[in-house]
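Letters A, B, ... are given to chains in the order of the sequence lines, protein chains preceding strands, and every chain is numbered from 1. Below, all heavy atoms of this structure are taken into account, side chains as well, without hydrogens, waters or symmetry copies.
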Amino acid sequence: MARWLESGALRGDAESGREPYVIAIPLPNVTGSLHMGHALNNTMQDVLIRWHRMAGREAEWVCGTDHAGIATQAVVEKMLAAQGVSRRELGREAFLGRVWAWKEQSGGEIITQQKRLGCTLDYSRERFTLDDGYADAVARVFVSLYDKGYIYRDRYMVNWDPGLGSAVSDLEVEDREVTDALVSIAYPLSDGTGEIVVATVRPETMLGDTAVAVSPADERYRHLIGRTVTLPLVGRELPIVADEYVDPAFGTGALKVTPAHDPNDFEIARRHGLDEVSVIGEDGRMTALAGAGYAGLTPLECRVKVIADLRAADALRGEEDYTHNVPFSHRSGERIEPLLSLQWFCDMGTLAEPAIAAVVDGRVRFTPERFGRVYLDWMENIRPWCVSRQLWWGHQIPVWYRGDEVHVGTAAPEGDGWVRDPDVLDTWFSSALWPFATQGWPQQTPELARFYPGHALVTGRDIIFLWVARMVMMGIEFMGDIPFSDVVINPIIQAPDGRRMSKSLGTGIDPLELIDQHGADAVRFGLLLMASTQDVRFNEQRIQQGRQLATKLWNATRLVVDRGGRAGGVTPEPTLLGDRWIASYVRNTVAEAERLIAEYDFSALADLLYRTIFDGFCDWYLELLKVGEGTPEVAGFVLEQLLTLANPVMPFVTEECYAQMPGAAPEGLLRHSLAVGPWEHDEMARVQGMWLIEAVTALRAHKSENGMRPRDPLFVTLEQRVPFALSQSAVASLAHVSWVDTPADDARSLGLEHGRLLVSRPDMVVDTAAECARVDARIAATATELGRAERQLANDKFVGRAPEHLVAAERAKAARFVAEIAELRAERGRLGCS
RNA sequence: GGGCAGUUAGCUCAGCGGGAGAGCGCCCGCCUCACACGCGGGAGGUCACUGGUUCAAUCCCAGUACUGCCCACCA
């Protein structure tokens, strides 16, 4: 890692003529530390960055951290609380000083951890969302959106988080199922001619009721519309209004309307011009408007008192358990208190339009595709975004007030008496600018010109709305172009038992510990292998597999170097079978890997590397090399290609192996390129290689199944049906057999695709009965296959409609089965079976 | 209430119209001069269920059953 950092290759050069390739990392919280999700997500990005850097692109992987308003403020407040100090006692300025001090001292630990994973981020340009330049970009965006009329201030229904003492956005709220008491309350008609019964799970909010609503289609109440009821305990006269929202089939069909404490009631009230009476305040207590006797209580205390008072007033008409979904804060875990509050909002409708178009017309592509639909569904129903937060740590809203005057600007206004809005912006407001604010915007820097727009964005599906969608909107609005062309959604890695991996559940697994145990390459490889298009359970065996692959590469390198293999040579011309076979094989592997990278199929890529290195290269090619079917020139060249190919996935071990090779470039693999161009697919080499593999495998299996040890002698005679040669010397060495011209009388037959092998062992005592049974069993099995093939071929519909090559293949199969049965019958005759 | 995934070997997962695959685990044999973190061989699946389309279905369509996730204002 130190060498990579010193190389300067991690810093994208905006002036080089190379075509850029840019990824902006999903900025981690400055309070964060690397968890399993980061490890996978970052590995995927590093594979892409390294791959494209090797392919000659000017790679820039944007690095940095997010100030993470709520999370960071909470960390520091907790530390202060341990010292017995509250943030309010300190005051805003001193508190922010403490937060900055914490950030300088302990923040950004995750950057160090990313280096341990081997991530080739551009650390030289590390950014923080509260940097001066970044803060300037945020303020400019706010002012610009205000000037365009998108940002406005309104007294509006918000999700109030009583634990946090702040409003939170719709996206920071989750529903939980809760069982509440549903209380029925009688509201008498003002003229004393009867009553209307309403039901509520929040009786305390009745103190803020300003109407009763019924369905306009409801016959039962039609005659009451326009009349009034008297609110019990309060005495306020409430109009009875008709509204489509009310479901006549639910409860009594009459709905109490509390505009200040229920989002639906709020909408109804705005439609009918009703009063909005706030009876719960931002301090989480009943307000003076709730009335003497209730003011100052918590809503829960108030509920108890209201129910008691209603009972005393004989206004209770029933109570039953009721299970329903209730919003809770993601942040504090407390139950959301919907209330009216003066907040800053951003209207998203206009901003969303071009961002929808970008996905619809394919300029921004999601992988897996289905997430594009998720994005569009949300965008097409987008709602105003509450962007103000009642916190201290963050981008303070660039608005000043003086009496009724409001100044919105990037700097404080002239004159005395102006007071700045104390609130800060939602953290996601600043992260939405990440792709361009990191490149110097609003300055027209060379980096901005070269590194915007970026290419891939790799992230989790949980922030498609919070972050991805908003980056697309802001990018188009302020840069006039999409921020990236591909959104790659990484899977979620669950705990081995299928539960969510989380610190609070105790189900988390620390990737840094895994790195300690197995090495960073193993962790990277294992995570990629686990990752597919769906969520997966963590499987440590995959990590072990990665470690085995790393060890294998290391040992293979030792062998190749021992045999005189070198790096950096000219492309050798393969002549021996083993060389020709591996050259063609590796060429095809590279082509396949290129395809998989383009499709972001990291799991298949890891699997391909594993199979190629273990099976193709080590188990077959290196063994062929040892028996004289390969040359050090080709072995060295192929190893260099494989190390290069595997480098994006396993950067450490491949870099080290490469360094062990004579002739290796001193700068290593960071900008190395794959050079298999001169080699073409060699069909004859493939067929001959397959034949050799088939023969060796059959002979080994024969020995194993007959209780022979690998080195026990075995005589073999070849009968082939094709005009190209089997490499007999290689077979003899790899399977430990001896070729003879004439088969023994009792030789057994091993059928191969291109011929057969007649094998016999010198010391074999033939158990005729057992042998006959074995041959009969094979005849029966082959006959079954033949029967299936013949039935297929006898089916006119198959012959008539199936593709020609499949019919031909079926005929060839049938012919082969017939020949095999004939051979087996002959063997039967030789053995003298009954 | 909508929507999206998933259900394949003991475990974790690939495959997605033409004779079921990987890793680990299990069984057998090998310290073969790169590697025992290894090498060779093998056992083990009515591809959730029910219908349909097709010459042909694990793969396509419809439905059922579980499992997970996302969205949603029913007091």
Side-chain angles (χ1 to χ4, degrees), chain A residues 175 182-184 198-202 205 213 245-247 249-258 262-268 322 324-325 327 338 368 370-371 373-374 377-378 381 461-462 464-465 492 494 496 498-500 518 522 526 529-542 544-563 601 603-604 607 610-611 614 618-619 622-623 625-626 696-697 700-705 707-711 733-736 785 788-789 792 795-803 805-807 809-810 813:
Chain A
D175 282 346
L182 184 66
V183 181
S184 296
V198 297
T200 179
V201 292
R202 308 249 355 235
T205 64
Y245 169 77
V246 180
D247 176 2
F250 189 92
T252 61
L255 171 70
K256 66 189 267 303
V257 180
T258 320
D262 183 281
N264 299 311
D265 294 5
F266 177 75
E267 298 292 335
I268 294 172
Y322 182 67
H324 62 150
N325 286 333
R370 67 185 122 96
F371 291 108
R373 193 65 249 165
V374 173
D377 285 345
W378 185 73
N381 299 296
R461 59 173 140 75
D462 51 330
I464 291 175
F465 309 142
I492 290 171
Q494 302 162 333
R499 287 189 292 170
R500 184 184 291 261
H518 306 284
L529 197 58
M530 274 177 243
S532 70
T533 56
Q534 60 162 334
D535 297 345
V536 288
R537 297 179 180 203
F538 178 78
N539 184 351
E540 191 160 348
Q541 285 166 347
R542 297 299 193 199
Q544 282 164 3
Q545 224 177 312
R547 181 164 133 212
Q548 285 161 358
L549 181 58
T551 309
K552 197 73 178 172
L553 275 173
W554 175 254
N555 287 312
T557 302
R558 279 175 48 198
L559 173 67
V560 171
V561 170
D562 275 357
R563 300 269 165 161
D601 192 343
S603 179
D607 185 58
Y610 189 90
R611 284 186 289 114
F614 258 86
C618 293
D619 291 347
L622 290 183
E623 295 306 317
L625 173 70
K626 289 181 195 170
V696 171
T697 303
R700 285 171 174 168
H702 175 79
K703 282 188 175 183
S704 180
E705 285 166 11
M708 296 171 69
R709 304 201 307 175
R711 302 205 158 218
S733 303
L734 295 177
H736 301 290
E785 296 298 328
R788 186 189 306 180
Q792 279 264 65
N795 183 341
D796 290 343
K797 288 174 177 172
F798 171 71
V799 177
R801 297 191 198 183
H805 72 277
L806 288 170
V807 178
E810 211 55 41
K813 260 189 245 171

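Rounded to an integer number of Å, the gap from F614(A) CZ to rG38(B) P is 6 Å. Going from atom CG of D462(A) over to atom C1' of rG68(B) covers 15 Å, rounded to whole Å. As a whole-Å value, the separation of M530(A) CE from rC11(B) P is 18 Å. Following rounding to the nearest Å, E623(A) (CD) and rC30(B) (C1') show an atom-to-atom distance of 13 Å. The distance from atom CZ of R537(A) to atom P of rG23(B) is 22 Å, rounded to the nearest whole Å. Between N555(A) atom CG and rC33(B) atom P there is a gap of 13 Å when expressed in whole angstrom units. For D607(A) and rU12(B), the CG to C1' distance is 14 Å, given to the nearest whole Å. One can place CD of Q544(A) at 13 Å from C1' of rC11(B), the figure rounded to the nearest angstrom.
At least one donor-acceptor pair closer than 3.5 Å links the side chain of K703(A) to the backbone N or O of H736(A). A donor-acceptor pair is defined here as one N or O able to donate and one able to accept, closer than 3.5 Å; no such pair exists between the side chain of D262(A) and the backbone of T258(A).
The side chain of Y245(A) approaches rA75(B) more closely than any other nucleotide in the set rG38(B), rA34(B), rA75(B). Checking rC4(B), rA75(B), rC37(B) against every side-chain atom of T551(A), the shortest atom distance belongs to rC37(B). The side chain of Y610(A) lies closest to rG23(B) when the candidates are rA14(B), rA34(B), rG23(B). Distances from the side chain of R711(A) to the nucleotides rG68(B), rU32(B), rC71(B) place rU32(B) closest. Of the candidate nucleotides rG18(B), rA5(B), rG41(B), rA5(B) has the atom lying nearest to any side-chain atom of Q534(A). Among rC30(B), rA75(B), rC13(B), the nucleotide with an atom closest to any side-chain atom of V201(A) is rA75(B). Considering only side-chain atoms of Q545(A), the nucleotide from rC73(B), rA5(B), rG23(B) that sits closest is rG23(B). Side-chain atoms of R500(A) lie closest to rC70(B) of the nucleotides rG41(B), rC70(B), rC4(B). Set against rC70(B), rA5(B), rC74(B), the side chain of D247(A) has rC74(B) as its closest nucleotide. Checking rA75(B), rC69(B), rG41(B) against the side-chain heavy atoms of R461(A) singles out rC69(B) as nearest.
Evaluation of atom-type donor-acceptor distances gives a pair under 3.5 Å for the side chain of K626(A) against the base of rA34(B).
Take the nearest nucleotide of RNA chain B for L182(A) and for G498(A): the residue whose nucleotide is more 5' is G498(A).
For rG2(B) and rU54(B), the P atoms lie 32 Å apart once the distance is rounded to whole Å. Comparing rC27(B) with rC60(B), their C1' atoms are spaced 40 Å from each other, to the whole Å. If you take atom C1' in rA5(B) and the same atom in rC13(B), they sit 15 Å apart, rounded to whole Å. For rG10(B) and rG44(B), the C1' atoms lie 9 Å apart once the distance is rounded to whole Å. Only the P atoms considered, rC39(B) is 14 Å distant from rA34(B), to the nearest whole Å. Taking the P atoms as reference points, rU46(B) lies 13 Å from rU58(B), given to the whole Å. Between the C1' atoms of rG25(B) and rC11(B), the separation comes to 8 Å (whole Å). Atom C1' of rA22(B) sits at a distance of 23 Å from the matching atom of rG29(B), rounded to the whole Å.
Heavy-atom minimum distance, V198(A) versus T252(A): CA-OG1, 4.1 Å. Heavy atoms only, all atoms of each residue included: S603(A) and L529(A) are closest at OG-O, 3.0 Å.
For the side chain to side chain donor-acceptor pair (under 3.5 Å) test with H518(A), the passing option among E540(A), Q544(A), Q545(A) is E540(A); the others fail.
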**Request:** Could you check L734(A) against R700(A) for side chain to side chain contact (heavy atoms under 4.5 Å, CB included), going step by step and ending with a plain yes or no?
**Result:** CA-CA 9 Å; L734(A) 295 177; R700(A) 285 171 174 168; 4.1 Å; yes
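Within 4.0 Å of R563(A), counting heavy atoms only, lie sugar-phosphate atoms of the nucleic acid but no base atom. Nucleic acid contact for V560(A): none, since no nucleic acid atom lies under 4.0 Å from a heavy atom of the residue. In this structure, P263(A) reaches neither bases nor backbone, as no heavy-atom distance under 4.0 Å exists between it and the strands shown. If you check every strand for non-hydrogen atoms under 4.0 Å, V374(A) touches nothing.
Using a 4.0 Å cut-off between charged side-chain N and carboxylate O, R542(A) and D607(A) make no salt bridge.
In the displayed structure, R373(A) atom CZ is contacted under 6.0 Å by more than 12 heavy atoms of other residues, nucleotides or ligands.
Put simply, K552(A) has no side-chain N or O that comes within less than 4.0 Å of OP1 or OP2 on rA36(B). Within the 4.0 Å cut-off from OP1 or OP2 of rC37(B), not a single side-chain nitrogen or oxygen of R547(A) is found. Residue S704(A) has no polar side-chain atom (N or O) positioned under 4.0 Å from OP1 or OP2 of rG40(B). Distances shown here put every side-chain N or O of R542(A) at or beyond 4.0 Å from the OP1 or OP2 atom of rG23(B). Proximity of H324(A) to the phosphate of rC74(B): no side-chain N or O atom is located under 4.0 Å from OP1 or OP2.
rG23(B) is paired with rC11(B) under the Watson-Crick or G-U wobble criterion, all donor-acceptor distances under 3.5 Å.
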